Student: 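Before anything else, here's the structure in question.
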There are 2 protein chains.
Amino acid sequence: MKKLDHVDRQILQILHEDGRIPYTEIAHQLGVSEGTIRSRITRLLQDGVFQFVIQPDPEKLGLHVQAIIGLTTKLGLQKEVAEKLSKFSAVRFVGAYSGKHDLIIQACFHSNDELITFVNERLSQIEGIAAADVSLELKQYKDTFSFVQDDEVTLQ
Amino acid sequence: MKKLDHVDRQILQILHEDGRIPYTEIAHQLGVSEGTIRSRITRLLQDGVFQFVIQPDPEKLGLHVQAIIGLTTKLGLQKEVAEKLSKFSAVRFVGAYSGKHDLIIQACFHSNDELITFVNERLSQIEGIAAADVSLELKQYKDTFSFVQDDEVTLQ
DNA sequence: AAGATTATTGCGAAATTCGTAAAAAAATGA
DNA sequence: TCATTTTTTTACGAATTTCGCAATAATCTT
(Lines give C-alpha, C1' and ligand atoms only; values in the text may rest on other atoms or scores of the structure.)
Protein backbone atom coordinates (compact mmCIF):
# COMPACT_ATOMS: atom_id res chain seq x y z
CA MET A 1 0.00 0.00 0.00
CA LYS A 2 1.35 3.32 -1.11
CA LYS A 3 1.68 6.23 1.25
CA LEU A 4 -1.13 8.77 1.07
CA ASP A 5 -0.18 12.06 -0.50
CA HIS A 6 -1.59 15.53 -0.08
CA VAL A 7 -4.29 15.04 -2.73
CA ASP A 8 -5.50 11.82 -1.08
CA ARG A 9 -5.82 13.62 2.25
CA GLN A 10 -7.67 16.48 0.64
CA ILE A 11 -10.08 14.03 -0.95
CA LEU A 12 -10.70 12.42 2.45
CA GLN A 13 -11.17 15.83 4.01
CA ILE A 14 -13.81 16.79 1.46
CA LEU A 15 -15.60 13.44 1.69
CA HIS A 16 -15.56 13.72 5.46
CA GLU A 17 -17.80 16.76 5.20
CA ASP A 18 -20.10 15.21 2.60
CA GLY A 19 -19.71 11.57 1.79
CA ARG A 20 -21.87 11.91 -1.29
CA ILE A 21 -20.36 14.92 -3.00
CA PRO A 22 -19.89 14.19 -6.75
CA TYR A 23 -16.41 13.31 -7.97
CA THR A 24 -16.72 16.09 -10.52
CA GLU A 25 -17.17 18.58 -7.70
CA ILE A 26 -14.15 17.27 -5.77
CA ALA A 27 -12.17 17.42 -9.02
CA HIS A 28 -13.22 21.01 -9.53
CA GLN A 29 -12.29 21.96 -5.95
CA LEU A 30 -8.86 20.37 -6.25
CA GLY A 31 -8.18 21.43 -9.82
CA VAL A 32 -7.74 17.96 -11.27
CA SER A 33 -9.84 15.79 -13.55
CA GLU A 34 -12.77 13.65 -12.50
CA GLY A 35 -10.83 10.58 -13.62
CA THR A 36 -8.07 11.32 -11.14
CA ILE A 37 -10.49 11.58 -8.26
CA ARG A 38 -12.19 8.41 -9.38
CA SER A 39 -9.01 6.37 -9.67
CA ARG A 40 -7.70 7.64 -6.36
CA ILE A 41 -10.92 6.90 -4.53
CA THR A 42 -11.00 3.44 -6.08
CA ARG A 43 -7.47 2.85 -4.84
CA LEU A 44 -8.20 4.19 -1.35
CA LEU A 45 -11.24 1.93 -1.08
CA GLN A 46 -9.30 -1.09 -2.29
CA ASP A 47 -6.55 -0.39 0.22
CA GLY A 48 -9.18 -0.17 2.95
CA VAL A 49 -8.22 3.38 3.82
CA PHE A 50 -11.84 4.37 4.21
CA GLN A 51 -15.43 3.34 3.57
CA PHE A 52 -18.53 5.20 2.54
CA VAL A 53 -21.00 4.99 5.40
CA ILE A 54 -23.75 6.95 7.03
CA GLN A 55 -23.78 8.37 10.53
CA PRO A 56 -27.23 8.14 12.04
CA ASP A 57 -28.28 10.24 15.00
CA PRO A 58 -29.16 7.69 17.72
CA GLU A 59 -31.66 10.09 19.31
CA LYS A 60 -33.56 10.39 16.05
CA LEU A 61 -33.75 6.62 15.85
CA GLY A 62 -35.29 6.52 19.30
CA LEU A 63 -32.12 5.37 21.01
CA HIS A 64 -32.29 7.74 23.93
CA VAL A 65 -29.97 5.84 26.23
CA GLN A 66 -26.29 5.44 25.49
CA ALA A 67 -23.68 3.92 27.70
CA ILE A 68 -20.02 3.09 27.91
CA ILE A 69 -19.42 -0.13 29.76
CA GLY A 70 -16.03 -1.14 31.11
CA LEU A 71 -15.69 -4.88 31.47
CA THR A 72 -13.38 -7.11 33.43
CA THR A 73 -12.96 -10.49 31.79
CA LYS A 74 -11.66 -13.78 33.04
CA LEU A 75 -8.16 -14.56 31.86
CA GLY A 76 -8.20 -16.33 28.52
CA LEU A 77 -11.78 -15.54 27.67
CA GLN A 78 -11.35 -11.93 26.55
CA LYS A 79 -11.38 -12.56 22.83
CA GLU A 80 -14.40 -14.81 23.02
CA VAL A 81 -16.28 -12.27 25.12
CA ALA A 82 -15.36 -9.46 22.71
CA GLU A 83 -16.63 -11.43 19.74
CA LYS A 84 -19.89 -12.27 21.46
CA LEU A 85 -20.43 -8.64 22.38
CA SER A 86 -19.72 -7.54 18.82
CA LYS A 87 -22.70 -9.53 17.61
CA PHE A 88 -25.22 -7.30 19.36
CA SER A 89 -26.58 -4.58 17.13
CA ALA A 90 -26.95 -2.37 20.20
CA VAL A 91 -23.21 -2.53 20.64
CA ARG A 92 -21.51 0.01 18.49
CA PHE A 93 -17.95 -0.25 19.71
CA VAL A 94 -15.84 -2.99 21.27
CA GLY A 95 -12.17 -2.62 22.11
CA ALA A 96 -9.58 -4.34 24.28
CA TYR A 97 -7.59 -2.02 26.51
CA SER A 98 -4.76 -1.80 28.90
CA GLY A 99 -5.79 -0.22 32.17
CA LYS A 100 -8.66 -0.74 34.57
CA HIS A 101 -10.95 -2.53 32.15
CA ASP A 102 -10.02 -5.31 29.81
CA LEU A 103 -12.80 -4.47 27.39
CA ILE A 104 -14.63 -1.22 26.83
CA ILE A 105 -17.84 -1.15 24.83
CA GLN A 106 -20.25 1.52 23.71
CA ALA A 107 -23.91 0.69 23.27
CA CYS A 108 -27.27 2.34 22.49
CA PHE A 109 -30.72 1.53 23.82
CA HIS A 110 -34.27 2.71 23.46
CA SER A 111 -34.76 3.03 27.19
CA ASN A 112 -33.20 2.52 30.59
CA ASP A 113 -35.19 -0.67 30.76
CA GLU A 114 -33.53 -1.97 27.67
CA LEU A 115 -30.11 -1.10 29.09
CA ILE A 116 -30.87 -2.89 32.32
CA THR A 117 -32.11 -5.89 30.40
CA PHE A 118 -28.92 -5.91 28.40
CA VAL A 119 -26.74 -5.82 31.48
CA ASN A 120 -28.77 -8.23 33.60
CA GLU A 121 -29.89 -10.75 31.01
CA ARG A 122 -27.39 -10.57 28.18
CA LEU A 123 -24.06 -9.67 29.76
CA SER A 124 -24.68 -11.96 32.70
CA GLN A 125 -25.18 -14.87 30.28
CA ILE A 126 -21.78 -14.39 28.74
CA GLU A 127 -19.26 -16.74 30.30
CA GLY A 128 -16.10 -14.85 31.08
CA ILE A 129 -17.37 -11.48 32.23
CA ALA A 130 -16.30 -10.91 35.82
CA ALA A 131 -17.50 -7.35 36.25
CA ALA A 132 -19.23 -4.57 34.35
CA ASP A 133 -18.87 -0.91 35.10
CA VAL A 134 -21.66 1.06 33.43
CA SER A 135 -21.37 4.77 32.69
CA LEU A 136 -24.52 6.43 31.40
CA GLU A 137 -24.09 9.10 28.76
CA LEU A 138 -25.51 12.41 29.88
CA LYS A 139 -24.45 14.50 26.92
CA GLN A 140 -22.53 13.99 23.73
CA TYR A 141 -20.17 16.77 22.71
CA LYS A 142 -18.41 15.24 19.75
CA ASP A 143 -18.64 12.07 17.71
CA THR A 144 -16.80 12.14 14.44
CA PHE A 145 -13.82 10.95 12.50
CA SER A 146 -12.22 14.36 12.59
CA PHE A 147 -8.75 12.86 12.46
CA VAL A 148 -9.00 12.95 8.69
CA GLN A 149 -6.43 15.70 8.66
CA ASP A 150 -3.46 16.78 6.77
CA ASP A 151 -0.54 14.77 8.07
CA GLU A 152 0.78 15.59 11.49
CA VAL A 153 -1.69 18.05 12.89
CA THR A 154 -3.47 15.74 15.26
CA LEU A 155 -2.81 17.90 18.28
CA GLN A 156 -4.07 21.21 16.97
CA MET B 1 -40.47 15.22 12.67
CA LYS B 2 -42.40 12.22 11.48
CA LYS B 3 -41.77 8.77 12.82
CA LEU B 4 -39.58 6.58 10.65
CA ASP B 5 -41.37 3.76 8.90
CA HIS B 6 -40.16 0.43 7.63
CA VAL B 7 -39.02 1.80 4.27
CA ASP B 8 -36.96 4.53 5.95
CA ARG B 9 -35.23 1.94 8.10
CA GLN B 10 -34.56 -0.24 5.09
CA ILE B 11 -33.03 2.72 3.29
CA LEU B 12 -30.76 3.39 6.28
CA GLN B 13 -29.84 -0.27 6.44
CA ILE B 14 -28.80 -0.32 2.80
CA LEU B 15 -26.89 2.96 3.05
CA HIS B 16 -25.18 1.67 6.16
CA GLU B 17 -23.53 -1.01 4.05
CA ASP B 18 -22.63 1.33 1.20
CA GLY B 19 -23.11 5.04 1.69
CA ARG B 20 -22.72 5.68 -2.01
CA ILE B 21 -25.06 3.15 -3.55
CA PRO B 22 -27.21 4.83 -6.24
CA TYR B 23 -30.78 5.76 -5.39
CA THR B 24 -31.92 3.80 -8.42
CA GLU B 25 -30.35 0.69 -6.95
CA ILE B 26 -31.99 1.20 -3.54
CA ALA B 27 -35.28 1.79 -5.36
CA HIS B 28 -34.84 -1.44 -7.25
CA GLN B 29 -34.02 -3.40 -4.10
CA LEU B 30 -37.05 -2.05 -2.27
CA GLY B 31 -39.42 -2.15 -5.22
CA VAL B 32 -40.28 1.54 -5.26
CA SER B 33 -39.40 4.40 -7.59
CA GLU B 34 -36.18 6.39 -7.53
CA GLY B 35 -38.18 9.51 -6.72
CA THR B 36 -39.49 7.94 -3.53
CA ILE B 37 -36.00 7.05 -2.36
CA ARG B 38 -34.81 10.53 -3.24
CA SER B 39 -37.60 12.35 -1.43
CA ARG B 40 -37.27 10.15 1.62
CA ILE B 41 -33.51 10.59 1.83
CA THR B 42 -33.93 14.33 1.42
CA ARG B 43 -36.40 14.33 4.29
CA LEU B 44 -34.19 12.15 6.50
CA LEU B 45 -31.24 14.45 5.90
CA GLN B 46 -33.30 17.54 6.62
CA ASP B 47 -34.58 16.00 9.83
CA GLY B 48 -30.99 15.24 10.82
CA VAL B 49 -31.66 11.51 11.05
CA PHE B 50 -28.37 10.75 9.38
CA GLN B 51 -25.45 12.17 7.44
CA PHE B 52 -23.34 10.86 4.60
CA VAL B 53 -19.79 10.47 5.90
CA ILE B 54 -16.75 8.32 5.44
CA GLN B 55 -15.17 6.02 7.97
CA PRO B 56 -11.40 6.06 7.66
CA ASP B 57 -9.24 3.33 9.10
CA PRO B 58 -7.01 5.09 11.66
CA GLU B 59 -4.23 2.53 11.16
CA LYS B 60 -4.11 3.26 7.44
CA LEU B 61 -3.77 6.95 8.23
CA GLY B 62 -0.77 6.21 10.42
CA LEU B 63 -2.69 6.64 13.66
CA HIS B 64 -1.35 3.57 15.39
CA VAL B 65 -2.16 4.61 18.94
CA GLN B 66 -5.72 4.93 20.16
CA ALA B 67 -6.87 5.61 23.67
CA ILE B 68 -9.94 6.09 25.78
CA ILE B 69 -9.38 8.63 28.51
CA GLY B 70 -11.67 9.01 31.49
CA LEU B 71 -11.53 12.48 32.99
CA THR B 72 -12.50 13.91 36.31
CA THR B 73 -13.41 17.57 36.05
CA LYS B 74 -13.75 20.30 38.64
CA LEU B 75 -17.33 21.12 39.49
CA GLY B 76 -18.75 23.74 37.14
CA LEU B 77 -16.02 23.45 34.53
CA GLN B 78 -17.17 20.27 32.80
CA LYS B 79 -18.85 21.89 29.84
CA GLU B 80 -15.93 24.19 29.18
CA VAL B 81 -13.48 21.31 29.38
CA ALA B 82 -15.61 19.22 27.01
CA GLU B 83 -15.74 22.01 24.46
CA LYS B 84 -12.00 22.58 24.61
CA LEU B 85 -11.35 18.88 24.14
CA SER B 86 -13.72 18.74 21.18
CA LYS B 87 -11.52 21.19 19.32
CA PHE B 88 -8.63 18.75 19.00
CA SER B 89 -8.67 16.85 15.75
CA ALA B 90 -7.06 13.92 17.54
CA VAL B 91 -10.14 13.69 19.71
CA ARG B 92 -12.84 11.72 18.02
CA PHE B 93 -15.38 11.38 20.77
CA VAL B 94 -16.32 13.45 23.81
CA GLY B 95 -19.17 12.62 26.14
CA ALA B 96 -20.33 13.49 29.65
CA TYR B 97 -21.18 10.53 31.83
CA SER B 98 -22.59 9.46 35.12
CA GLY B 99 -20.25 7.13 36.93
CA LYS B 100 -16.59 7.18 37.76
CA HIS B 101 -15.55 9.69 35.16
CA ASP B 102 -17.28 12.95 34.36
CA LEU B 103 -16.02 12.97 30.80
CA ILE B 104 -14.90 10.14 28.58
CA ILE B 105 -13.02 10.83 25.37
CA GLN B 106 -11.60 8.75 22.58
CA ALA B 107 -8.51 9.93 20.71
CA CYS B 108 -6.06 8.79 18.01
CA PHE B 109 -2.33 9.45 17.74
CA HIS B 110 0.54 8.66 15.44
CA SER B 111 2.70 7.36 18.28
CA ASN B 112 2.95 6.84 22.00
CA ASP B 113 5.02 9.99 22.08
CA GLU B 114 2.19 11.96 20.62
CA LEU B 115 -0.21 10.49 23.17
CA ILE B 116 2.12 11.37 26.03
CA THR B 117 2.51 14.88 24.67
CA PHE B 118 -1.25 15.21 24.47
CA VAL B 119 -1.73 14.12 28.06
CA ASN B 120 1.23 16.00 29.55
CA GLU B 121 1.16 19.20 27.53
CA ARG B 122 -2.37 19.63 26.28
CA LEU B 123 -4.62 18.11 28.92
CA SER B 124 -2.55 19.56 31.73
CA GLN B 125 -3.03 23.02 30.27
CA ILE B 126 -6.79 22.76 30.41
CA GLU B 127 -8.11 24.39 33.56
CA GLY B 128 -10.68 22.16 35.20
CA ILE B 129 -9.25 18.71 34.64
CA ALA B 130 -8.55 17.11 37.99
CA ALA B 131 -7.53 13.66 36.83
CA ALA B 132 -7.09 11.64 33.66
CA ASP B 133 -7.30 7.90 33.45
CA VAL B 134 -5.76 6.65 30.22
CA SER B 135 -6.63 3.28 28.70
CA LEU B 136 -4.58 2.24 25.70
CA GLU B 137 -6.38 0.39 22.96
CA LEU B 138 -4.85 -3.01 22.32
CA LYS B 139 -7.30 -4.28 19.77
CA GLN B 140 -10.46 -3.07 18.14
CA TYR B 141 -13.20 -5.63 17.63
CA LYS B 142 -16.02 -3.45 16.39
CA ASP B 143 -16.55 0.16 15.41
CA THR B 144 -19.70 0.87 13.50
CA PHE B 145 -23.13 2.40 13.60
CA SER B 146 -24.75 -1.01 13.52
CA PHE B 147 -27.74 0.22 15.46
CA VAL B 148 -29.33 1.13 12.16
CA GLN B 149 -31.77 -1.70 12.59
CA ASP B 150 -35.36 -2.46 12.12
CA ASP B 151 -37.22 -1.09 15.09
CA GLU B 152 -36.82 -2.88 18.38
CA VAL B 153 -34.15 -5.44 17.71
CA THR B 154 -31.31 -3.72 19.47
CA LEU B 155 -30.60 -6.66 21.71
CA GLN B 156 -30.35 -9.37 19.09
C1' DA C 1 -67.39 10.44 2.19
C1' DA C 2 -65.47 14.79 0.52
C1' DG C 3 -61.84 17.71 0.64
C1' DA C 4 -57.17 18.64 1.84
C1' DT C 5 -52.68 17.19 2.44
C1' DT C 6 -48.85 14.28 1.59
C1' DA C 7 -46.37 10.74 -0.89
C1' DT C 8 -45.36 8.29 -5.08
C1' DT C 9 -44.70 7.73 -9.86
C1' DG C 10 -43.26 8.82 -14.54
C1' DC C 11 -40.44 10.93 -17.66
C1' DG C 12 -37.50 14.24 -20.24
C1' DA C 13 -33.38 17.14 -19.26
C1' DA C 14 -29.16 17.81 -16.91
C1' DA C 15 -25.37 16.03 -14.53
C1' DT C 16 -22.46 12.36 -13.09
C1' DT C 17 -20.09 8.17 -13.56
C1' DC C 18 -17.86 4.78 -16.30
C1' DG C 19 -14.73 2.62 -19.72
C1' DT C 20 -10.87 3.22 -22.17
C1' DA C 21 -7.24 4.94 -25.06
C1' DA C 22 -3.82 8.58 -25.46
C1' DA C 23 -0.74 11.72 -23.20
C1' DA C 24 1.98 13.09 -19.35
C1' DA C 25 4.62 12.31 -15.38
C1' DA C 26 7.34 9.61 -12.37
C1' DA C 27 10.28 5.85 -11.35
C1' DT C 28 13.92 2.69 -12.76
C1' DG C 29 18.34 1.52 -14.06
C1' DA C 30 22.24 1.28 -17.07
C1' DT D 1 21.90 11.69 -18.12
C1' DC D 2 18.93 9.45 -21.11
C1' DA D 3 16.03 5.74 -22.56
C1' DT D 4 12.70 2.52 -20.95
C1' DT D 5 9.16 0.99 -18.12
C1' DT D 6 5.53 1.89 -15.02
C1' DT D 7 2.14 4.71 -13.07
C1' DT D 8 -0.92 8.53 -13.15
C1' DT D 9 -3.61 11.82 -15.36
C1' DT D 10 -6.45 13.49 -18.93
C1' DA D 11 -10.00 13.45 -22.45
C1' DC D 12 -14.22 12.16 -24.21
C1' DG D 13 -18.26 9.40 -25.82
C1' DA D 14 -21.58 6.10 -23.79
C1' DA D 15 -24.19 4.53 -19.99
C1' DT D 16 -26.21 5.58 -15.81
C1' DT D 17 -27.87 8.44 -12.27
C1' DT D 18 -29.87 12.46 -10.48
C1' DC D 19 -32.95 16.24 -10.87
C1' DG D 20 -37.21 18.99 -11.66
C1' DC D 21 -41.79 18.80 -11.87
C1' DA D 22 -46.47 17.63 -13.15
C1' DA D 23 -49.89 13.95 -12.81
C1' DT D 24 -51.62 10.36 -10.01
C1' DA D 25 -52.33 7.81 -5.89
C1' DA D 26 -52.60 7.30 -1.08
C1' DT D 27 -53.40 9.04 3.44
C1' DC D 28 -55.32 12.03 6.78
C1' DT D 29 -59.09 15.16 8.65
C1' DT D 30 -63.35 16.27 9.84
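Note: hydrogens, waters and symmetry copies are ignored here, and every other heavy atom, side chains too, is used. Letters A, B, ... are given to chains in the order of the sequence lines, protein chains preceding strands, and every chain is numbered from 1. As the structure is a prediction and not an experimental result, all values here were calculated from the model.
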Student: Taking A:D18 for the side chain and A:R20 for the main chain, is one N or O donor matched with an acceptor at less than 3.5 Å?
Tutor: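 Flag set: sc A:D18 to bb A:R20 pair under 3.5 Å.
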Student: Indicate yes or no: at least one non-hydrogen side-chain atom of A:V134 is less than 4.5 angstrom from one of A:I68.
Tutor: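 Result no, sub-4.5 Å side-chain heavy-atom pair not found.
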Student: Roughly how many Å is it from CG in B:D5 to P in D:dA26, rounded to a whole number?
Tutor: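 Atom CG in B:D5 sits about 16 Å away from atom P in D:dA26.
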Student: In whole angstrom, what separates A:Q46's CD from D:dT8's P?
Tutor: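 Distance check: A:Q46 CD to D:dT8 P gives 12 Å.
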Student: In whole angstroms, how far is the P atom of C:dT16 from the CZ atom of A:R38?
Tutor: 13 Å
Student: To the nearest Å, how far apart are A:I41 CD1 and C:dG19 P?
Tutor: 15 Å
Student: Between A:G35 and A:E25, who's closer to the 5' end of DNA chain C by nearest nucleotide?
Tutor: A:E25
Student: Same cluster for A:L63 and B:F93 if Ile/Leu/Val/Met/Phe/Trp/Tyr side chains link at under 4.5 Å?
Tutor: no
Student: Starting at CD of B:E34 and ending at C1' of C:dA14, how long is that distance when rounded to a whole Å?
Tutor: 13 Å
Student: Give the nucleotide from the list D:dC19, C:dT6, C:dC18 with an atom nearest to the side chain of B:K2.
Tutor: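 Of the candidates, C:dT6 comes closest.
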Student: Without decimals, in angstroms, what is the distance between A:I26 CD1 and C:dT17 P?
Tutor: 8 Å
Student: Determine whether the aromatic ring centres of A:F145 and A:F50 lie less than 6.0 Å apart.
Tutor: no
Student: Measure from the side-chain heavy atoms of A:T36 and tell me the nearest of C:dT9, D:dA11, D:dT9.
Tutor: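 My answer, after comparing the listed nucleotides, is D:dT9.
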Student: Can A:V7 be reached from A:I14 by stepping across I, L, V, M, F, W or Y side chains whose heavy atoms are under 4.5 Å apart?
Tutor: yes
Student: Using whole Å, report how far OH of B:Y23 lies from P of C:dT9.
Tutor: 16 Å
Student: Let me know, please, whether A:R40 or B:R20 comes out on the 5' side of the other along DNA chain D by nearest nucleotide.
Tutor: A:R40
Student: Taking the nucleotide of DNA chain D with the closest heavy atom to each, which residue, B:I21 or A:S33, is nearer the 5' end?
Tutor: A:S33
Student: Among the candidates D:dC19, D:dT18, C:dT17, find the nucleotide nearest to the side-chain atoms of A:T24.
Tutor: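 Minimum distance to the A:T24 side chain belongs to C:dT17.
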Student: Separation of B:I37 atom CD1 from D:dC19 atom P, in whole Å?
Tutor: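 So the two atoms are 13 Å apart, to the nearest Å.
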